[in-house]
Enquirer: 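Submitted below is the structure of interest, expressed as structure tokens.
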Amino acid sequence: MQNAQSVALQLEKVRDKLPLLYERDDILLTMIQQRGDVERVSSRNMRLPLQIRPGGKAGLANMDGGDLGRGSGTVYDVAQVSPIFFRHAVEITKLVEYASNSAEKAIENTAKREVKNAMAQFRAFLDKVMQTNGNGVLGTIGTIATSGLPSGVAAQFTMAKPPGAQLFYYNQTVQVYDPTLTTNRGSANVLLVDPFNSLIQVDALPTGTSVNDVIVHDGLTGAQPTSLFGILYHQTNATTGTWLNLNRATYPVELATPAVNGNNSAITPGAVRLAINKVRKSLGSNQVSKLIAYTALEQEHQWEQLGVTISQIIKEGAGGRASDLDLLFTGEKTMAGVPIKSSINANQTRVDFLDLSHWGRAVMQDIDFYDVGGQTVFPIYGTSGGLAAAYIFYFVTGFQVWNESPRSGSYINNLAIPTGY
Amino acid sequence: MISTSEIRVTRETHEAPAAVSERLLIAGGANFYGEANFRVVWGGSRLTWIGGRWTDRDASGNVIRETIETRRVPKYLPVNRWHIERWMPAESYGLPEQWEAQTAEVEDGIRILALGPYPARGEYEHCFTLADAKGGFLPLSPAACDWIVRAVEWAKRQPRREQGGAIAVREARRNRDWNREADDLLDDAVPAFHGAPFVGCAG
């Protein structure tokens, strides 16, 4: 039996565990997965019929022979969504096996370790893409440095904040596009990520790379590429562009998510209440009970600094009798009564109030190993044409995220980032 | 002819018992107006101003009407729970002109303050809801009052810098939890010693 076949057997043993490893309660993708709908779809577009505008004409009537006028009907339209595929490639070299004195055990350990690490990384990648606005842009170049860098580093980019360098990871392949997302300047590998200083270093500087260029994830091609429809795609008050194949200009009110401008100031109770009330006014009070406040750790901390809430102290307080207090309270940290879900990947200047019962995923392929005729592990070839001392396997998944009611949420943007972050 | 008229309760109101309020005043202290820093309010009794364009819908979600007005409505949801509020000083809301700039909405040429007038004397804000672990109703019993007082006293003792540290600790714990769960899952799928039977050896 070849070694790759043995690894394949180990991978098969963990295959049914993949969905469990894929989920994690603190990431947006899983929240949508757990609370929203999942629709199984083919390669054709999934259609979401929307009742966009009310119909009928009400008014005073003259029943003494008056003209009762004409009527009108409800306006319906159809949003459409089609899945896109993501892959995560994992290579294992022969050398890692020699870390143990037992060949069989080494293969088991290698398979387990790589599956765990790769799944954590793949999930983190998808969660990062979920923070974007549907075009795969992970960041915008603020400044470029090409001198005084370590050997092998072609350039250092200071990334504009938000999101800074938060959506990148080490060894990721990225592509540089011009600011209009028309010209793909080329690709590079990330050699260093420093989210605290908003820096990334890359091994190549594609020709023409300039300040204000944007960096997208690997695999995207052509002008105006399409990636996962994330928070910034569904939660916006833009009145131009398209949303799930609908022209925003056609329904400028109905497709716009209510917004509160933070004006580069720190978050206040007033701004939070404004954002929540916008949902109450448009959809009714009961809708608010379904909201969650999705935000970055920075804004969560800022909210705590206001000193309004004490539940987090009960929940998170170290030692003492914190657990006793937990027994009585839900322990949920809230923002004006709305549960807070924070993420390290969320935009540092926003608080998004989401009603995830209106969100869902159109899924064509659940997370799984890439499989060709039952084979999940593939050999790597060396430059000579002979086998390389390594093999490769892939995780793949195909889905897209939809939201059937953009007005069911609201958001605060342009909030100041607290010092120390 | 038979009359079918009936009374429908639209909003239930309650006041917190004076004894509870007094205990919270002692536990949480008073602001510079002499009012309690913490208080307990019933959701259906605690009202606030909300101004702007209201879209009213029927039970099926169909739009009935749209109006531009300021309404006095329950501030917190759910309305059938006790909520604990904390007093916030006026400066928490920025300057009056900032308040106006941020909260003013113009609808059909009508300018309206979405949150009502500036809270010049400060305002009470939602701190937490008295509910069980699943969010269910909890009565404002003496035991619950004890818990609230302890929570308030706990809160007073915590320096704010520790709150930021608590977030970092939580994130690290999440990572550890996931790693442990992942290891458990994978060990379950691929057991130790390649699935071969083994016995423990007394040491």
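Just so it is clear, the values below take in all heavy atoms, side chains as well, and ignore hydrogens, waters and symmetry mates. Order of the sequence lines sets the chain letters (A, B, ...), proteins ahead of strands, with each chain counted from 1.
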Enquirer: Under 4.5 Å heavy-atom distance to chain B, tell me which part of A:Asn261 shows up: side chain, backbone, both or neither.
Expert: backbone
Enquirer: If I measure from the heavy atoms of chain B, does A:Ala120 come under 4.5 Å with its side chain, its backbone, both, or neither?
Expert: both
Enquirer: As an exercise: rank A:Leu297, A:Thr268, A:Val338 by heavy-atom pairs under 4.5 Å with chain B and give me the winner.
Expert: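 Heavy-atom pairs under 4.5 Å are most numerous for A:Leu297.
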Enquirer: Tell me, for A:Val272 versus chain B, whether the close heavy atoms (under 4.5 Å) come from the side chain, the backbone, both or neither.
Expert: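 No part of A:Val272 comes within 4.5 Å of chain B.
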Enquirer: What part of A:Ala266 gets within 4.5 angstrom of chain B, counting heavy atoms only: side chain, backbone, both, or neither?
Expert: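 Neither; nothing under 4.5 Å.
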Enquirer: Using only heavy-atom distances, determine whether the side chains of A:Asp127 and A:Asn345 contain a donor-acceptor pair under 3.5 Å.
Expert: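 Yes - a donor-acceptor pair under 3.5 Å links their side chains.
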Enquirer: Could you check whether B:Tyr93 and B:Glu125, counting side-chain N and O atoms only, form a donor-acceptor pair closer than 3.5 Å?
Expert: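 Present: a donor and an acceptor within the cut-off.
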Enquirer: Take B:Asp108 and B:Ile68, measure what side-chain contact (heavy atoms from CB on, under 4.5 Å) needs, and give me the verdict at the end.
Expert: CA-CA 8 Å; B:Asp108 293 348; B:Ile68 298 161; 3.4 Å; yes
Enquirer: Is it true that the side chains of B:Glu66 and B:Thr55 contain a donor and an acceptor less than 3.5 Å apart?
Expert: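 B:Glu66 vs B:Thr55: donor-acceptor pair found between side chains.
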Enquirer: Top residue by heavy-atom pair count (under 4.5 Å) with chain B, among A:Lys116, A:Lys278, A:Met119?
Expert: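 Ranked by contacts with chain B, first place is A:Lys116.
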Enquirer: For B:Asn179, is it the side chain, the backbone, both, or neither that has a heavy atom closer than 4.5 Å to a heavy atom of chain A?
Expert: both
Enquirer: On the 0 to 90° scale, with breaks at 30° and 60°, tag the B:His83-B:Tyr76 ring pair as parallel, tilted or perpendicular.
Expert: tilted
Enquirer: Could you list all the salt bridge (Lys or Arg N to Asp or Glu O under 4.0 Å) pairs where at least one residue sits in residues 32-43 of chain B, not counting sequence neighbours?
Expert: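 Found B:Glu35-B:Arg121, B:Arg39-B:Glu85.
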Enquirer: Tell me, for B:Trp87 versus chain A, whether the close heavy atoms (under 4.5 Å) come from the side chain, the backbone, both or neither.
Expert: neither
